[in-house]
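See below for the structure under consideration.
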Amino acid sequence: MFTLTEVASLNDIQPTYRILKPWWDVFMDYLGFVMLMLAIFAGTLQLTKDYVACLPILEESNKSSSTNPYMTPPPMESSTLALGTTPVATQDLPDNVVHKISTEPKGRRTNLDYQQYIFVNQMCYHVALPWYSKYFPYLVLIHTIVLMVSSNFWFKYPKTSSKIEHFVSILDRCFESPWTTKALSETACEDSEESKQRLIAGQSGPNSLFSDSQEESTSSFQQVLGKNSVKFSAEKIVPEGSSMTILDKKDGEQAKALFEKVRTFRAHIEDSGFIYNLYVAQTIIKTLKLIVILGYTSTIASDINFYHKCKPKIEHLTGYDEFFCTHNMAFMLRKLIFTFMAIISLYCLVCLYALFWLFRRPLKEYSFEKVREESSFSDIPDVKNDFAFLLHMVDQYDQLHSKRFGIFLSEVSENKLREISLNHEWTLEKLRQHVTCNAQDKQELHLFSLSGLPNAVFDLNELEVLKLELIPEVRISAKISQMTNLQELHLYNCPAKVEQPGFTFLQDHLRCLHVKFTDVTEIPPWVYLLKNLRELYLIGSLNSEHNKLIALESMKDLRHLKLLYFKSNLNKIPTNITDLSQHLFKLVVHNDGTKLLVQNSLKKMTSLRELELHHCDLERIPYAISSLTSLQELDLKSNSLQTIEEVNSLFHLKRLTCLKLWHNKIVEIPTNINHLKSLESLYLSYNKLQTVPATLFSLPKLRYLDLSHNSILVIPADVRFPQSLQHFEITANKIEILPEQLFKCIRLKVLCVGNNSIAVLPVSIGQLTQLVQLDVKGNCLDHLPHQLSQCRHLNKSLFSVEDHLFDTLPLEVKERMTAATTVTM
């Protein structure tokens, strides 16, 4: 079943396309939404309250029963109850109530019981009711979806979508081009020397965290055309009083590129009228469809009645052939149908108006005569065909757009622009070429070794991840507020200053921040004021002296921080992380081999769910971890653990499900490890284990066990593997025999026993019917058991074995595994 959100998305056009939607298209979208709500409301009523109630017509029933030898007359005993009565115990009731109950009920008796009435009601619902009464909500829903799709069809059709998208993109850039503003301003104010160029100089805020107080903001133009403020599309609006930057070299290069794009686009689109014809055909089809809907709905609406006669032909089951039925939804359904007809009528009138607009004047010709009269650009050429039609549609939104666009059709304007020498290489187009999709399927831009941050970066509205590396001066301006999708920022050796409006935006939108530094002073102070930050990564040198600098009281403002990551050389856990103790869920410390001596700060992190201490040169499990009652995952990778006798300090961590002790020097596993009752995953790979205790396999919830790359000689034969085990890996050990108990783990999906000394693979491996991955490569096997054919989920791509051993399997088994691999791929 689809949700309302999924249905509504059919009518969700990109906001930039609203510039091509005249008022009637917008109004039709609202009407479609009302129809959708009507369909949902009617469907809800029908599913919850729609039914019919039927009673037999007794006169015809008597006649039929007199001629039917199989029917018996209804019993006339005094105990017979009329329809709707219920037997009541009378000994506990007053005398007057008993008298009323004992009185013979009025009305005419029938020879039907409750189940028969239910059966009759169901039969008559399908026989007596007109089809429109039963399928009205679904028809409305189908009509609404078709109308929603057809209303936006001309945006999505392959032969139009690329042209329209290109047109909107070009129009957007033309409208926002500083050259356009400058050219129109000079034209509008050429008779007034005082208003020719009005500079608005903004100064930065006094707060030193954001920018230097003595440095002025970028000078700007305030552009006024008549009495209207400069605006663009529905989603990008420059309010009154806003400023535009003075034209510089980069702006000139962008304008030059726009001239070329407009010229190329005009040559591409002006030779056809396909978009216009498609829009006209779409509107005509919608109008005809609406007329058809209105016609058949108005004729069928008269059939919606409260009373119905029903002849279901079930006399042999009930004794009656004709029934009198009432439809409880008839009144409401009639009102909904008339409402639907009213909406369709209004929709049809709007479509007729659209057709009137389409045919009342030639829309395949567009003249810039008015623009030529109001400006000094007298050489703006008229356009035709689809180019003209798109401009006519834009005029319905705001005529200012076409006025600004006319500049890029004027050779005079282009010649003026060529006089300006602009050599900056990082245009918006070039930046877009460097935008990639990262592993998390996010739009990412990585800039490095530049002299500064290009302003065009702030025009990449779709950008989600911004990485800046080795840029000596990064100034984040207020324009960053345009990057509404930006959630992740990387500053790699980039001292960054941010203006107050830009900082306000970062406070509200930034979720993840990576800061890489060589000196702790490179960490921007405003980092600790990002109140909505979820993840903070600090990568750089933090020795004991620098720890004092990082322990800022302002870290308390990181009220929503969930993940804190240090990749450094810490001697102790910074004490200021206790400010995050109420909401921090994950703490990661990668210490690059520096010994982590003091961990007392961990004791207060009671909300911590995941803890990673990598390369911290730990020789034993820190006792402070025993205070982390909410801990679910503990990772002590790449330390110097030789023994884990301190594992008993973890026994009361009832939520601990994952323990990673891999890449250490552990030589023995304590026998009391089975007290970790909640443990589901245990990683002990890359250690120095020679034996494993039987208690290790008695963990009741264990699903994942990795003992690979050790020196284990034998697995005890009498152990009972947990039935929940799904992943068992003991690769690169010295195992010679696999215990039979292992193959009773019927839920096992991954079994890796490669690079051991196994001579025989037991035939009981066929019991592992859920096996998906098997690694037996690097052993002393001379054949494979034919029982592998019972492992139906095993395919060759996940079956690691020597080729000559694989050839020992029966032909049908090899073909099945190979075929399964092909299907998986």
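Keep in mind that this is a model prediction, so the values were computed, not measured. Heavy-atom basis, side chains included; hydrogens, waters and symmetry copies ignored.
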- Query: For atom NZ of K595, is the number of surrounding heavy atoms from other residues, nucleotides or ligands below 6.0 Å larger than 12?
  - Reply: yes
- Sorted by chain and number, sequence neighbours left out, side-chain contact (heavy atoms from CB on, under 4.5 Å) with Q790 holds for Q787
- Hey, mind stepping through R816 and R792 against side chain to side chain contact (heavy atoms under 4.5 Å, CB included) and telling me if it holds? CA-CA 9 Å; R816 181 185 59 78; R792 296 292 181 179; 3.6 Å; yes
- Message: Taking OH in Y623 as the centre, count heavy atoms belonging to other residues, nucleotides or ligands within less than 6.0 Å. Is the count above 12?
- Response: no
- Message: Would you compute the distance between atom NE2 of H490 and atom CD1 of I539 and round it to the nearest 0.5 angstrom?
- Response: 9.0 Å
- Below 4.5 Å, heavy atoms only, C-beta onward: do I523 and Y528 meet side chain to side chain? yes
- Query: Taking it one step at a time, do T808 and H804 satisfy side chain to side chain contact (heavy atoms under 4.5 Å, CB included)?
  - Reply: CA-CA 7 Å; T808 62; H804 71 276; 6.0 Å; no
- Could I get the full list of side chain to side chain donor-acceptor pair (under 3.5 Å) partners for Y686, not counting sequence neighbours? H709
- With sequence neighbours excluded, tell me which residues meet salt bridge (charged side-chain N to carboxylate O under 4.0 Å, His left out) with K562. none
- Message: Strictly distance-based, threshold 3.5 Å: is any side-chain N or O of Q723 a donor or acceptor partner for the main-chain N or O of R747?
- Response: no
- Among N591, D592, L538, V589, which residue meets the side-chain contact (heavy atoms from CB on, under 4.5 Å) test with K567? D592
- Message: To check you understand the geometry: which heavy-atom pair defines the closest contact between S681 and L702, and what is its length?
- Response: N-CD1, 4.2 Å
- Give, for atom CG of N571 and atom CG of N569, the distance between the pair rounded to the nearest 0.5 Å. 7.0 Å
- Message: For a 4.5 angstrom cut-off between non-hydrogen side-chain atoms, does F566 reach I573?
- Response: no
- Message: Is it the case that the ring center of Y683 lies less than 6.0 angstrom away from the ring center of Y704?
- Response: yes
- Task: Output, in order, the C-alpha distance, side-chain angles, deciding distance and verdict of side chain to side chain contact (heavy atoms under 4.5 Å, CB included) for F697 and V692.
- Result: CA-CA 9 Å; F697 302 96; V692 288; 4.0 Å; yes
- Item | Partner residues of E612 under the side-chain contact (heavy atoms from CB on, under 4.5 Å) criterion, sequence neighbours left out | K586, V588, H590, H614, D635
- Heavy-atom neighbours of L597 CG exceed 12 at 6.0 Å: yes
- Item | Non-neighbouring partners of H446 that pass side chain to side chain donor-acceptor pair (under 3.5 Å), sequence neighbours left out | E469
- Message: Please enumerate all residues that pass salt bridge (charged side-chain N to carboxylate O under 4.0 Å, His left out) together with E645, with sequence neighbours excluded.
- Response: none
- Query: Between CG of L468 and OG of S449, what distance do you get to the nearest 0.5 Å?
  - Reply: 11.5 Å
- Query: Does L608 reach the side chain of L584, with side-chain heavy atoms less than 4.5 Å apart?
  - Reply: yes
- Query: What do you reckon, is CZ of R432 surrounded by more than 12 foreign heavy atoms closer than 6.0 Å?
  - Reply: yes
- Query: Does a side-chain heavy-atom distance below 4.5 Å link M605 with I577?
  - Reply: yes
- Grab the two heavy atoms, one from I471 and one from C494, that are nearest each other, plus how far apart they are. N-SG, 3.3 Å
- Message: According to salt bridge (charged side-chain N to carboxylate O under 4.0 Å, His left out), who are the partners of E535, at least two apart in sequence or on a separate chain?
- Response: none
- Looking at CG of L713 and CG of L689, how far apart are the two atoms once the value is rounded to the nearest 0.5 Å? 11.0 Å
- Determine whether more than 12 heavy atoms belonging to other residues, nucleotides or ligands lie under 6.0 Å from atom NZ of K467. yes
- Task: State which residues pass side-chain contact (heavy atoms from CB on, under 4.5 Å) with E522; sequence neighbours excluded, sorted by chain then number.
- Result: N493, F517, T518, D519
- Item | Min side-chain heavy-atom separation R511-N532 under 4.5 Å | yes
- Item | More than 12 heavy atoms from other groups under 6.0 Å of CZ on R620 | no
- Query: Are the side chain of N687 and the backbone of L641 linked by a donor-acceptor contact shorter than 3.5 Å?
  - Reply: no
- Note on the structure: Across all chains, not counting sequence neighbours, the side-chain contact (heavy atoms from CB on, under 4.5 Å) partners of F799 are L774, V776, L784, L788, L794, V801, F806, L809, M817
- Task: Flag the pair S630 / R655 as yes when at least one side-chain heavy-atom distance between them is below 4.5 Å, and no otherwise.
- Result: yes
Side-chain atoms of residues 670-679: list all donor-acceptor pairs with protein atoms under 3.5 Å, sequence neighbours left out, distances to 0.1 Å.
unit_1	atom_1	unit_2	atom_2	d
S678	OG	K654	O	3.0
S678	OG	L656	O	2.7

- Task: May I have the step-by-step check of side chain to side chain contact (heavy atoms under 4.5 Å, CB included) for C745 and F728, ending in yes or no?
- Result: CA-CA 10 Å; C745 299; F728 180 62; over 6 Å; no
- Note on the structure: Looking only at heavy atoms, the pair that brings L570 and T594 closest together is O-CG2, 3.8 Å
- Item | salt bridge (Lys or Arg N to Asp or Glu O under 4.0 Å) contacts touching residues 700-729 (sequence neighbours left out) | E680-R703
- Judged by atom type as modelled, is there a donor-acceptor pair below 3.5 Å linking the side chain of T731 to the main-chain atoms of S708? no
- Note on the structure: dist S698:OG -> F721:CZ (nearest 0.5 Å) comes out at 11.5 Å
- I669 CD1 to L682 CG distance, which is reported to the nearest 0.5 Å: 7.0 Å
- Message: Does any part of the side chain of L447, heavy atoms only, come nearer than 4.5 Å to the side chain of L431, both counted from C-beta?
- Response: yes
- Message: Under a 3.5 Å distance rule, please check whether T657 uses its side chain to pair with a backbone N or O of Q632 as donor and acceptor.
- Response: yes
- Check P524 against A496 and note the closest heavy-atom contact, atom names and distance. CB-O, 4.0 Å
- Message: Can you confirm whether more than 12 heavy atoms, excluding those of D782, are under 6.0 Å from its CG atom?
- Response: yes
- Residues D508 and K531: closest non-hydrogen pair is OD1-CE, 3.9 Å
When the side chains of residues 754-771 are checked against the rest of the protein, which donor-acceptor pairs come out under 3.5 Å, sequence neighbours left out?
unit_1	atom_1	unit_2	atom_2	d
N756	OD1	N733	N	3.2
N756	OD1	K734	N	3.2
N756	OD1	I735	N	3.0
N756	ND2	I730	O	3.1
N756	ND2	V753	O	3.0
N756	ND2	G754	O	3.0
S764	OG	E740	OE1	2.7

- Message: Between N485 (side chain only) and E464 (backbone N and O only), is there a donor and an acceptor less than 3.5 Å apart?
- Response: no
- Message: Looking at every non-hydrogen atom in both residues, tell me the closest pair between N639 and L618 and how far apart they are.
- Response: OD1-N, 3.1 Å
- Task: State, yes or no, whether a side-chain contact exists between E444 and T436 at a heavy-atom distance under 4.5 Å.
- Result: yes
- Whether over 12 other heavy atoms sit under 6.0 Å from K814 NZ: yes
